[in-house]
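To start, the structure itself, in structure tokens.
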Amino acid sequence: GSQRLELIWTLIPAAILLFLALYQMETWAKVKFRSAAPRTPVLAEVTGRQFQWAVKYPGPDGRLGTPDDLHTVNDLHFVKGEPVVIHLKSADVIHSFFLPQMRVKQDAVPGMAIPVWFDSDRAGRFELACAELCGWGHYKMRGEVVVHETQEEFDAWQAAKLAEQGRSRLADDEGEAEGQSEEGER
């Protein structure tokens with residue numbers, strides 16, 4: 001073999017790859033780095049766990065991680081035309097948050113909170129899937145994304161869900177109180 005020819009065959013593809021890597025860095029930075037994230041409050045915290053998407057929205061106080069948060073399962077809602085930022089997490093194994101109609105795909109890694117941002121230019125219902133083989137029930141890990149036409153429509157949905165969640169908690173609290181009073185009577 002010719003060392004000169006092998007060197008040329010190696011250096012030319014390496015130079016092309018180096019050029020492509022350097023040329024696309026600015027675009028990659030715009031798309032993927034946090035500095036490119038929209039300056040908007042976090043809409044929700046989405047946690048993948050075998051085999052569902054747990055979605056937590058800030059409650060009336062506007063902050064995540066407080067007792068008034070709204071919890072849903074496999075149900076993500078947002079408003080058309082508004083940039084959305086979520087914090088993506090995993091409770092157990094690697095999951096892949098996948099919105100095929102919006103061209104969004106991001107792995108959720110245990111122990112990390114990954115900011116993901118996207119938007120939609122049309123209202124409707126869309127599929128939320130896990131694109132990572134995450135265990136025996138992977139096929140069941142499907143959710144729904146609802147894009148509301150207006151902020152008022154989203155607010156009405158959120159208020160109804162918060163009221164439903166409040167009624168559920170109230171019923172749970174009453175059931176616990178009845179159980180405790182029955183034990184006290186014995």
Side-chain angles (χ1 to χ4, degrees), residues 27-66 68-109 112-169:
T27 303
W28 185 255
K30 284 180 185 176
V31 172
K32 281 294 184 182
F33 294 127
R34 289 184 182 177
S35 61
R39 303 282 184 234
T40 181
V42 174
L43 171 77
E45 180 181 281
V46 179
T47 304
R49 64 173 167 240
Q50 296 178 319
F51 296 96
Q52 64 186 9
W53 295 104
V55 183
K56 180 169 49 172
Y57 298 89
D61 67 0
R63 294 186 345 244
L64 276 168
T66 59
D68 68 343
D69 288 349
L70 171 61
H71 299 266
T72 66
V73 176
N74 296 329
D75 198 20
L76 178 65
H77 290 244
F78 64 94
V79 179
K80 174 181 102 171
E82 297 290 325
V84 174
V85 176
I86 63 167
H87 283 169
L88 184 60
K89 297 180 174 185
S90 174
D92 42 33
V93 298
I94 295 175
H95 297 282
S96 188
F97 180 85
F98 184 38
L99 300 173
Q101 295 88 353
M102 295 173 206
R103 296 184 180 185
V104 174
K105 186 175 181 189
Q106 176 65 54
D107 284 352
V109 180
M112 295 178 69
I114 302 167
V116 179
W117 56 94
F118 51 91
D119 64 7
S120 178
D121 59 356
R122 60 189 170 121
R125 295 180 178 276
F126 305 96
E127 178 185 15
L128 167 59
C130 179
E132 186 75 34
L133 184 57
C134 57
W136 63 267
H138 166 73
Y139 69 95
K140 296 187 292 186
M141 195 164 173
R142 301 180 92 85
E144 182 176 58
V145 174
V146 178
V147 181
H148 295 277
E149 192 71 46
T150 63
Q151 183 66 45
E152 292 76 25
E153 193 179 303
F154 173 81
D155 292 342
W157 168 82
Q158 191 172 31
K161 281 295 195 182
L162 280 166
E164 180 182 312
Q165 181 173 286
R167 285 191 303 273
S168 172
R169 282 188 183 155

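Note that the structure is a prediction, hence the values are computed from the model and not measured. Values reported hereafter were calculated over all heavy atoms of this structure, with side chains retained and with hydrogens, waters and symmetry mates removed.
Glu132 has its side chain within reach of Asp107: a pair of non-hydrogen atoms, C-beta onward, lies under 4.5 Å apart. Side-chain contact between Leu162 and Pro60 is present, with at least one heavy-atom pair separated by less than 4.5 Å. Between Asn74 and Leu128 the shortest side-chain heavy-atom distance does not fall below 4.5 Å. Side-chain atoms of Tyr139 and Leu133, non-hydrogen and from C-beta on, never get closer than 4.5 Å to each other. Gln165 places a side-chain heavy atom less than 4.5 Å from the side chain of Leu70. Taking the side chain as every heavy atom from C-beta outward, Val147 and Val79 never approach each other to under 4.5 Å. At a threshold of 4.5 Å between non-hydrogen side-chain atoms, the residues Val109 and Ser90 do not count as touching. Put simply, the side chain of Leu64 reaches to within 4.5 Å of the side chain of Lys56, judged on heavy atoms.
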May I have the list of side-chain donor-acceptor pairs in residues 41-54 shorter than 3.5 Å, sequence neighbours left out?
unit_1, atom_1, unit_2, atom_2, d
Glu45, OE1, Lys89, NZ, 3.2
Gln50, NE2, Cys134, O, 2.4

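For His77, the ring-ring contact (aromatic ring centres under 6.0 Å, His included) partners at least two apart in sequence or on another chain are His148, Trp157. Looking at residues two or more places apart in sequence or on another chain, you find a ring-ring contact (aromatic ring centres under 6.0 Å, His included) between Phe118 and Phe78.
Atom CD of Gln101 is separated from atom CD of Glu127 by 6.5 Å, given to the nearest 0.5 angstrom. For the atom pair Ile114 CD1 and Ile86 CD1, the distance stands at 10.0 Å (nearest 0.5 Å). Atoms NE2 and OG, on His138 and Ser96 in that order, are 9.0 Å from each other to the nearest 0.5 Å. In this structure, CZ on Phe98 lies 6.0 Å from NZ on Lys105, to the nearest 0.5 angstrom. In this structure, the separation between NZ on Lys161 and OG1 on Thr72 is 7.0 Å, given to the nearest 0.5 Å.
Between Thr40 and Pro83 the shortest heavy-atom distance is CG2-O, 3.9 Å.
With hydrogens and angles ignored, the 3.5 Å screen pairs a side-chain donor or acceptor of Asp69 with a backbone N or O of Thr66. Although no hydrogens or angles enter the test, the distance criterion places a donor-acceptor pair under 3.5 Å between the side chain of Asp68 and the main chain of Asp61.
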side-chain contact (heavy atoms from CB on, under 4.5 Å) assessment of Val104 paired with Val116: CA-CA 9 Å; Val104 174; Val116 179; 4.0 Å; yes
Verdict with supporting geometry, Asp75 and Val55, side-chain contact (heavy atoms from CB on, under 4.5 Å): CA-CA 7 Å; Asp75 198 20; Val55 183; 5.8 Å; no
Worked verdict on Phe126 versus Met102 for side-chain contact (heavy atoms from CB on, under 4.5 Å): CA-CA 9 Å; Phe126 305 96; Met102 295 173 206; 3.6 Å; yes
